Amino acid sequence: MILVLKNACVVDPLQGIDCELMDICIDVSLGRVVPCDRIPTKGNVKIIDLEGRLTMAGGIDIHAHVAGPKINIARLMRPEDHYRTNIPAGDTYRASCGVTTQTVIRTGHRYAQLGYTLVCEAASPPLKTRHTHEELDDMPIVDKLVYILMDSTWLGLDYIVEGEIEKLAAYVSWLLKATKGYTIKLVDPGADIAWFYGNGIGLDIDDQIPEYGLTPREIIAAYCKVAQLLNLPHGVHIHTNKLGIPGNYRTLLETFRTGEASSFQDRLVMHVTHVQFSGYKGDCWYNIEPASEEIVKELEKSPHVSIDLGQVTFGNTTTMTADAPFEFVLYHLSKWKAVLHDIEAETATGIVPYTYRKSSYVNCVQWAIGLEIALMLRRDDLWRIVLSTDHPNAGPFTRYPLIISWLMSRKAREELLKKLNQRAVRKMILPSIDRELDFYDIAVITRAAPARILGLQEERGTLKPGAIADVAVYDIKPRELDPSKEPDKVRKALSRAWLLIKSGHVVVKEGKIVQEISGETLYVDAKVREDLYKEVVNEIKKKFKTYYSVTYKSFYIKSYEIHKLKNITVVSKIT
Ligand SMILES: [Zn+2]
């Protein structure tokens with residue numbers, strides 16, 4: 001069957017299309033977009049007239065904590081997040097609940113309702129990734145992938161200490177295969193180990209990591225080199241050192257510079273995540289200020305770096321990160337409940353509920369940073385930034401439409417600025433910024449840029465013929481509506497897609513889930529020289545016997561354990 005979406009107002013930056021009225025044709029059995037000039041006039045053709053509604057490729061969330069042990073612990077910790085939010089099953093969907101610690105079913109539903117079709121789980125400890133995949137498998141509709149935590153993993157650190165970069169690359173190749181992961185994730189490199197030895201809080205990029213004689217900068221540089229050697233489609237995904245600590249913007253800028261030194265200069269080397277949490281000037285909570293200007297300047301001269309925002313929204317949420325030392329700090333600030341958890345030989349984790357308040361000086365400064373960066377960057381550089389809240393850390397992903405309304409409307413920002421802590425407002429650049437993003441810019445930071453940054457731009461983030469038929473239609477007509485004047489209409493329309501097509505199937509109609517299908521899980525298979533690979537696997541097996549509580553065999557996740565696994569094979573430079 002061919003599905004024809006007539007009179008779509010298409011915004012597709014990867015094709016340079018900006019609000020053009022056109023038709024989109026989909027081969028339902030292939031699940032792909034096809035050229036409309038080859039559509040037969042007779043036969044099995046279904047036509048939906050979109051009457052000029054906003055139409056974009058499915059959204060891509062490049063960084064969210066949605067599955068695995070951390071979010072599961074958070075669910076146990078926060079019954080208050082669940083008991084008033086239960087949605088009973090309907091004819092076409094399963095029951096679900098949760099707001100900031102949602103069940104995986106609710107996560108799939110809400111992403112689909114926002115028009116999103118690919119979600120990247122931001123951090124999974126290798127040892128716990130089987131659990132992560134089990135949850136991702138159960139998440140309906142969306143496709144997914146997972147980043148694997150390697151910042152404090154002993155096996156990798158040993159190779160860095162020995163200066164064995166090729167062996168480190170073979171180890172990463174093996175680890176991505178063993179865990180069915182997509183790329184290297186570094187969280188506050190070395191901090192968990194330093195914390196283990198009694199001093200991990202605020203470990204800076206050039207501080208020594210106890211026992212290893214290494215610095216975080218050396219870990220970042222080594223993994224950046226490895227990502228380049230392996231030709232990973234997405235560079236190293238980095239949560240910086242000193243995250244969440246006043247004065248940390250210098251560490252962020254130094255992190256950018258570390259990637260440059262390791263770069264082969266032909267592609268993006270590193271993705272620095274939730275920069276808002278790393279964008280603070282000042283030396284204590286009382287005098288922190290946004291470092292947006294410094295970040296924008298450095299970013300403009302760092303073409304090897306992409307970022308996502310980690311935009312703060314106001315209200316209650318649940319923070320969770322492998323940066324356990326920082327969660328220990330946050331627990332003492334929030335004074336309620338926390339879980340801090342060590343994961344043998346690999347990493348750690350922390351979970352703390354938190355409320356961002358409009359009356360709080362610090363929270364208002366945090367709120368300004370993400371928006372200032374997005375609004376001050378040159379338009380061309382928006383291709384290196386992605387909208388995120390580091391779900392649920394700076395707020396649940398369901399608040400993306402609200403953030404978009406702030407980005408598109410000065411009026412929306414001004415209304416909120418009146419209600420914020422005025423000492424913080426005086427420190428912001430935001431009140432003086434006139435710029436308003438348009439739908440093209442929004443499609444860049446929610447579709448085109450994340451697809452390109454993940455190396456998936458040939459078939460995702462775009463509606464060109466051949467692409468996966470992930471199409472989001474919203475009940476607004478960009479040719480008739482001024483988002484600057486009517487931000488609420490934009491927010492409401494983007495909150496519930498009028499139509500979402502996933503791989504050719506209609507899954508959301510007028511904001512309601514009408515079909516639950518299973519998405520794919522993408523992982524990277526990076527091939528390295530066989531003799532090197534075998535040598536490293538033998539060394540890994542010995543270390544498993546010595547250090548791990550599980551065997552090598554049971555650690556390795558087999559392909560058949562994952563419902564719809566899709567491998568992306570890349571040939572490395574180590575052949
Ligand atoms: Zn995160």
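Throughout, residue positions are numbered sequentially from 1 according to the sequence presented. Only a predicted model underlies this, so the values are computations on that prediction, with no experimental measurement involved. Both ligands and their constituent atoms are indexed starting at 1 by order of listing.
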- prompt: Can you name the residues that form a ring pair (Phe, Tyr, Trp, His ring centres under 6.0 Å) with W336, not counting sequence neighbours?
  reply: none
message: Pairing donors with acceptors under 3.5 angstrom, does anything connect the side chains of S549 and E344?
response: yes
- request: Taking side-chain hydrogen bond (donor to acceptor under 3.5 Å, both in side chains) as the test, write out the residues that go with R75, two or more places apart.
  value: N72, E135
Atoms (protein N, O or S; no water) under 2.8 Å from the Zn ion (ligand 1): 3
message: So, using side-chain hydrogen bond (donor to acceptor under 3.5 Å, both in side chains) as the criterion, who are the partners of Y223 when residues are at least two apart?
response: none
- prompt: Backbone N or O of P392 within a donor-acceptor pair of the T317 side chain at under 3.5 Å?
  reply: yes
- prompt: Does H234 have its ring centroid less than 6.0 Å away from the ring centroid of Y147?
  reply: yes
